[in-house]
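Please read these numbers as outputs of a predicted model, since none were measured by experiment. By convention in this document, chain letters (A, B, ...) are assigned in the order of the sequence lines, proteins followed by strands, and residues within each chain are numbered from 1.
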2 protein chains.
Amino acid sequence: MSQLDTVQRILDAAEVLFAERGFTETSLRTITSTAGVNLAAVNYHFGSKKELIQAVFERFLTPFTTSLDAELARLATEEGSLQLDDLLQSLYRVALAGLASQGRDPKRFMRLLGLAYTQSQGHLRRFIVSRYGDSYRRFAGSLATALPHVDPVTFYWRLYFMLGATVFSLSSFDAIEAILREDFGAESSLEETLARLAPAAVAMLTAPVPTEGG
Amino acid sequence: MSQLDTVQRILDAAEVLFAERGFTETSLRTITSTAGVNLAAVNYHFGSKKELIQAVFERFLTPFTTSLDAELARLATEEGSLQLDDLLQSLYRVALAGLASQGRDPKRFMRLLGLAYTQSQGHLRRFIVSRYGDSYRRFAGSLATALPHVDPVTFYWRLYFMLGATVFSLSSFDAIEAILREDFGAESSLEETLARLAPAAVAMLTAPVPTEGG
DNA sequence: TGGCGGTTAAAACAAACGTTTAAATTGTTG
DNA sequence: CAACAATTTAAACGTTTGTTTTAACCGCCA
């Protein structure tokens, strides 16, 4: 078993287990036994558990943000005015295609993103912001220019509403899908759910801004 | 210090600490030392840490759902047809007023709700569903009847989108507010944010449903 | 006052945690 | 093949965790 194998096996196991149980609830012993490697391998290859967590995020956030950046650049040159639907569909398409091509589960991606936000883990938030903050701001900026009539503060709140709707519903996709399947017998694929989410997000972003005075 | 005092002090400390750090990240020793009581008091009065977590949720979910039920019943008899805005405003008003009257922080309420969803904690999810599932279904049903033209599956997905937007953005309220204040110098109160969230949620729920065929 | 249930207190419990150590093994290079 | 660096292994480290135990304390009623 070569070095690359060990590192990769640890990352694979950690990614799945973190998404299923959270960071604190997943012990290094569970990770290493699942990966079939020695307990000390994590500290040897990554230094600490915190750095392992960051490495898990780095492995899928780096290709994701680079693809997203490229897609945004392509959109910016292609047409004169950015369309909201195009932007959101870019986001979804990049997230889905990029991960699916690696044989990774996009739902796990969303679940981890949700964990990054909700589990305190200050070091992780700092790591993500410092590493991927620029990509995030670029995407938010593109979205903002497609919504010129919405004042900045309202726009940013709605952006967080949209992120919340996305991360929350997709990170719990399996649970929600199971409920709906039981109640209505209707199966939902991830693609279908994104096809439902996109227009809902557009409607939320473009909703008329109520005037202060009434 | 009477028995009631001890139980209450533990619940108060646990509520704050859980909301700040999560369940696993908060030890019983931190809770009891913050509350100024003996370590063994938690196991004596609540039985276990799991039951303490459930008790924290029970303390604010029970008055919340009973108020919500009453408000929904009032709305149902008052007018002929339920208005979407009224329903959402009921939800928000009940959540805010009910908690504020107890001197508790509504943001903490949302933060805990978010944790209940995202931190796996299977026992907590089971506890909440079994205890408050009826209230949830009643509210969802009221919302559904106010949206007769939306097919059930689309409606339920949008309901989860809405819940995600609400829980996610309000549970991170302080962090988001701090960012917006730094970037735009604009302060946002919780009431203002709910006033932004309500129309955005309505827009999302009432968005035109794209037809399958194109 | 004496005793009794309810509560608090200090201490200890075993288990699990992340991390470190030091030896054994492997792979590579001269 | 020899030698050195990289990696894996088993074992132990010290902490921290939730929980339990046993004794002390308290208020109250007979």
Below 3.5 Å is the cut-off: list the nitrogen or oxygen pairs between protein and nucleotides 10-15 of chain D, distance only.
none

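Taking atom CG on B:Asn43 and atom P on D:dT22, their separation rounds to 16 Å, with Å as the unit. For the pair B:Leu28 CG and C:dA16 P, the computed distance is 17 Å after rounding to whole Å. Straight-line distance from the OH atom of A:Tyr44 to the P atom of C:dT21: 15 Å, rounded to whole Å. Per the geometry, CD1 belonging to B:Ile10 stands 14 Å off C1' belonging to D:dT19, to the nearest Å. Nucleotide D:dT17 holds its P atom 12 Å from the CG atom of B:Leu17, rounded to whole Å. Across the protein-nucleic acid pair, B:Glu25 atom CD and C:dA16 atom C1' stand 16 Å apart, rounded to whole Å. Atom P of nucleotide D:dT16 and atom CD1 of B:Ile31 are separated by 17 Å, given to the nearest angstrom. Spacing between atom CG of B:Asp5 and atom C1' of D:dG27 amounts to 15 Å, rounded to whole angstrom units.
For the residue pair B:Asp151/B:Thr154, the side-chain donor-acceptor check at 3.5 Å is satisfied. Remark: the A:Ser169 side chain and the B:Trp157 side chain contain no N/O donor-acceptor pair separated by less than 3.5 Å. Of the N and O atoms on the side chains of B:Glu25 and A:Thr24, at least one donor lies less than 3.5 Å from an acceptor on the other residue.
Taken from CZ in A:Phe64 to CG in A:Leu91, the straight-line distance is 5.0 Å, to the nearest 0.5 Å. Note that the CD atom of B:Glu15 and the CZ atom of B:Arg108 stand 4.5 Å from one another [nearest 0.5 Å]. Of the inter-residue distances, the one linking B:Leu147 atom CG with B:Thr145 atom OG1 reads 8.0 Å to the nearest 0.5 angstrom. Residue A:Leu190 holds its CG atom at 6.0 Å from CG of A:Leu170, rounded to the nearest 0.5 Å. The distance from the CD1 atom of B:Ile10 to the NE2 atom of B:His45 is 6.0 Å, given to the nearest 0.5 Å.
For B:Ser27 and D:dT16, the shortest distance from a side-chain N or O to OP1 or OP2 is not below 4.0 Å. Note on A:His45: a side-chain N or O is less than 4.0 Å away from OP1 or OP2 of D:dT8.
Between A:Arg111 and A:Glu20 there is no salt bridge, since none of the side-chain N atoms of the basic residue sits less than 4.0 Å from a carboxylate O of the acidic one. The pair B:Asp134-B:Arg137 counts as a salt bridge, with a side-chain nitrogen and a carboxylate oxygen less than 4.0 angstrom apart. Between B:Asp12 and B:Arg59 a salt bridge is recorded (basic side-chain N to carboxylate O distance below 4.0 Å).
Contacts of A:Thr24 with the nucleic acid, taken as non-hydrogen atoms under 4.0 Å apart, are absent. Using a 4.0 Å heavy-atom distance criterion, A:Thr26 is classed as a sugar-phosphate-only contact.
Checking A:Thr62, A:Thr65, A:Leu61 one by one against A:Ser135, the side chain to side chain contact (heavy atoms under 4.5 Å, CB included) holds for a single residue, A:Thr65.
Stem analysis of DNA chain C (at least three stacked-register Watson-Crick or G-U pairs, each with both distances under 3.5 Å) gives C:1-6 with D:25-30, C:8-30 with D:1-23.
Within residues 46-55 of chain B, the residues that have a heavy atom under 4.0 Å from DNA chain D are, in order of number, B:Ser48, B:Lys49.
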